[in-house]
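We're numbering straight along the sequence, starting at 1.
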Amino acid sequence: MCGIVGYIGPKEKKEILLDGLQELEYRGYDSAGIAIIEGKKLSNFKAIGKLQNLREKTKAYESEGFGISIGHTRWATHGKPTELNAHPHLGTYSYVVHNGIIENYQILKEELQSDGVTFLSQTDTETIVHLFEKFYNKTDDAFPSFEKTIDKLEGAYATLLITEAAIDTIFFAKNGSPMLIGFDKDEVYFASSDTPIIGKATEVYYLEDGEYGYAKDGKVTLFNAKGERSFTKQALTANKVLAQKDGYRFFMEKEIYEQSRVMSETMMGRVLDSSIALDELDANFFDGISAIKICACGTSYHSALTSAYLFERISKVRCDIEIASEFRYKEPLLTKDTLFITISQSGETADTLEALKMAKSAGLKSLSICNVDNSSIVRESDAAILTRAGIEKGVASTKAFATQTMVLWILALYIGQEKKTISKEVLHREINAMLHTPKALMVTDMLHAKLNRLSKRYLHGHGFFFIGRDIFFPLALEGALKLKEISYMHAEGYPAGEMKHGPIALADAELFTIALMPKTMHYEKIKSNVEELSARDTTICAISPLPFDLADDFIQTKYDSHPMLEFFEMMVVTQLLALEISVRLGNDVDMPRNLAKSVTVE
Ligand code: F6R
């Protein structure tokens, strides 16, 4: 996820920017850059990879005296993670950093190009700086030119602009992406969240959508659509970890709430109006491929299991899923018409990495779906599709699972589109559902409060069964894994139709069943499976859009037009239920006992 830092004042600006960007590292990024103007001296540095690379590049540089400065960490969306695509972006005499997405950037870019402007990067951001200079070149008046620029932008943005045309001023605007302004005496700071300025600024103002303005002489002048407005600063917290959690109690909770937003990032530039684009893959990537094998561990294995239904149903390609640690030692028969996919949040899981190496040495083409660019698994693969979930801190994976599943769904559609095994109608229907997923992932206060209340009834018993059919079976596995990881209670995921083949022997009032009962997928079948359990006095917590009388507890979901929308909405319910049970039991939600975020040993 991108991060922004800005500073105007007399202190050493390089250090303020680099330290600030360091505080945003946990959000994830693949390149970074800074720009500083002191008097007539303009300096700009960019580096791909870790901030350490930028530190190396700026080693010999020191800023002196009063100046204006902006910095950025970039998580690639439009265009690859290269130095040219890294922010700040330069016009002729101005620099800009930006978080978010300028939705109309193609139109703006074409207009500017027809005026003779040359673009250096593939980013949407570069349009901002060229627009500003186009207006400034006509008027010689910086702030009105910035206002006109902002007026042209559609989409979400938080942006800072500095220019040699106003060497004592930082221009800013916010709409849909977070940004705040920090104050300490005559110094002004900007940042996309408060961690970079904690310990530096004493007061803060959190910008509202539609606000813009400029900072000069230690003062901020603020506008919105109605004109200039006054604002009230508030004291800034001194606790960094609390600030990193953005007000949530746990990273896991924050990450559950983030899912709606990161899903939009996962789809950005890939899910288009009537087609799927995956720039990461060459045009002939699927030539000669007639089957898929996926290897992964834990939660990533569950997203793989979900995708097997999608690959066979949508893309009409045979798909086998293997647990990486099993695959390694089973002496598998591998054929070169098989695309070998690995899925990993960290990109460092030892079993998955070794499975990939085995497949490669057998001559298979490889693709990884990963959250961490430049990780070992990404480097080892022929191609990679990044999930763009941003750094996941909670050991129990949530947003990584959601975005992996989305990438796999996108890939299933893409293969269908490329191999022409999918009709226009189906493509349209799936894309339409995809575009609704951010809504289905939204956590409402009502839902969270309900799960909090309900959780007190599930703190004992001799175990949980999460049951579902079809794609809701892997979701049941994932729901059970979340619960056992952070509650330390026994939980199993099971195909609903299999309960009567053995596990039903466990049924009694102290067996808790979490039943995933989607309307769009085998509703009558799962209903009768749940009825069988209810008849044996099992305590049932049903999750469904359709009311179900036999449930002891019932959580009614809203989205019932497409199985994947039901899937994602139910996923959020199972995540929050696990979280609330764990909180009541007094467990360490973010760092459960015995678990590690990255499992680099066999
Ligand atoms: C569960 C969890 C683990 C990981 C597994 C694989 O919440 O986080 O089960 O999914 O260790 O890790 P990655 O995806 O990094 O390969």
Q: Dump the intermediate steps for salt bridge (Lys or Arg N to Asp or Glu O under 4.0 Å) on Glu83 and Lys57, then the final yes or no.
A: CA-CA 12 Å; Glu83 240 175 68; Lys57 276 202 164 173; 2.8 Å; yes
Q: In sequence, state the C-alpha distance, the side-chain angles, and the governing distance for Glu15 and Arg55, and then conclude on salt bridge (Lys or Arg N to Asp or Glu O under 4.0 Å).
A: CA-CA 9 Å; Glu15 287 308 325; Arg55 281 199 189 276; 3.6 Å; yes
Q: Could you check Ser69 against Ile162 for side-chain contact (heavy atoms from CB on, under 4.5 Å), going step by step and ending with a plain yes or no?
A: CA-CA 7 Å; Ser69 59; Ile162 56 175; 5.7 Å; no
Below 3.5 Å, can you tabulate the donor-acceptor pairs from side chains in residues 215-230 to any protein atom, sequence neighbours excluded?
| unit_1 | atom_1 | unit_2 | atom_2 | d |
| --- | --- | --- | --- | --- |
| Asn224 | OD1 | Lys226 | N | 2.9 |
| Arg229 | NH1 | Tyr205 | OH | 3.1 |
| Arg229 | NH1 | Glu211 | OE2 | 2.2 |

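In this model, a donor atom of one side chain and an acceptor atom of the other lie less than 3.5 Å apart for Ser145 and Thr139. With no hydrogens or angles considered, a side-chain donor-acceptor pair links Thr123 and Ser121 at under 3.5 Å. Counting only N and O atoms by type, the side chains of Asp168 and Tyr214 include no donor and acceptor under 3.5 Å apart.
Two residues are said to be in side-chain contact when any heavy atoms from C-beta on lie closer than 4.5 Å; Leu408 and Phe311 meet this criterion. You'll find the side chain of Phe231 stays beyond 4.5 Å of the side chain of Ile181, heavy atoms only. Looking at Leu339 and Val317, their side chains never come closer than 4.5 Å, going by heavy atoms from C-beta outward. The closest side-chain heavy-atom distance from Leu21 to Ile34 is below 4.5 Å. You'll find the side chain of Thr342 stays beyond 4.5 Å of the side chain of Glu380, heavy atoms only. Ile415 places a side-chain heavy atom less than 4.5 Å from the side chain of Ile292. Counting heavy atoms from C-beta on, the side chains of Met268 and Arg388 come closer than 4.5 Å.
Checked against ring-ring contact (aromatic ring centres under 6.0 Å, His included), Phe45 has the following partners two or more places apart in sequence or in another chain: Tyr61. Lys174 meets the salt bridge (Lys or Arg N to Asp or Glu O under 4.0 Å) test with Asp209; sequence neighbours excluded. Residues meeting the side-chain hydrogen bond (donor to acceptor under 3.5 Å, both in side chains) test with Arg270, sequence neighbours left out: Glu280. Shown here are the ring-ring contact (aromatic ring centres under 6.0 Å, His included) partners of Phe190, two or more places apart in sequence or in another chain: Phe172. Under the rule for a ring-ring contact (aromatic ring centres under 6.0 Å, His included), the partners of Phe119 that lie at least two apart in sequence or sit in another chain are His130.
The aromatic rings of His87 and His72 lie parallel to each other, with less than 30° between the two planes, well short of the 60° mark. Relative orientation of the Tyr7 and Tyr189 rings is tilted, given thresholds of 30° and 60° on the angle between their planes. Ring geometry for Phe143 against Phe171 counts as parallel: the plane angle stays under 30°, on a 0 to 90° scale with 60° as the upper cut.
The shortest heavy-atom contact between Ser344 and Gln404 is C-NE2, 3.9 Å.
Between Glu111 and Lys134 there is no salt bridge, since no side-chain N of the basic residue sits under 4.0 Å from a carboxylate O of the acidic one.
When Gln345, Glu255, Glu392 are each tested for a side chain to side chain donor-acceptor pair (under 3.5 Å) with Ser397, only one passes: Glu392.
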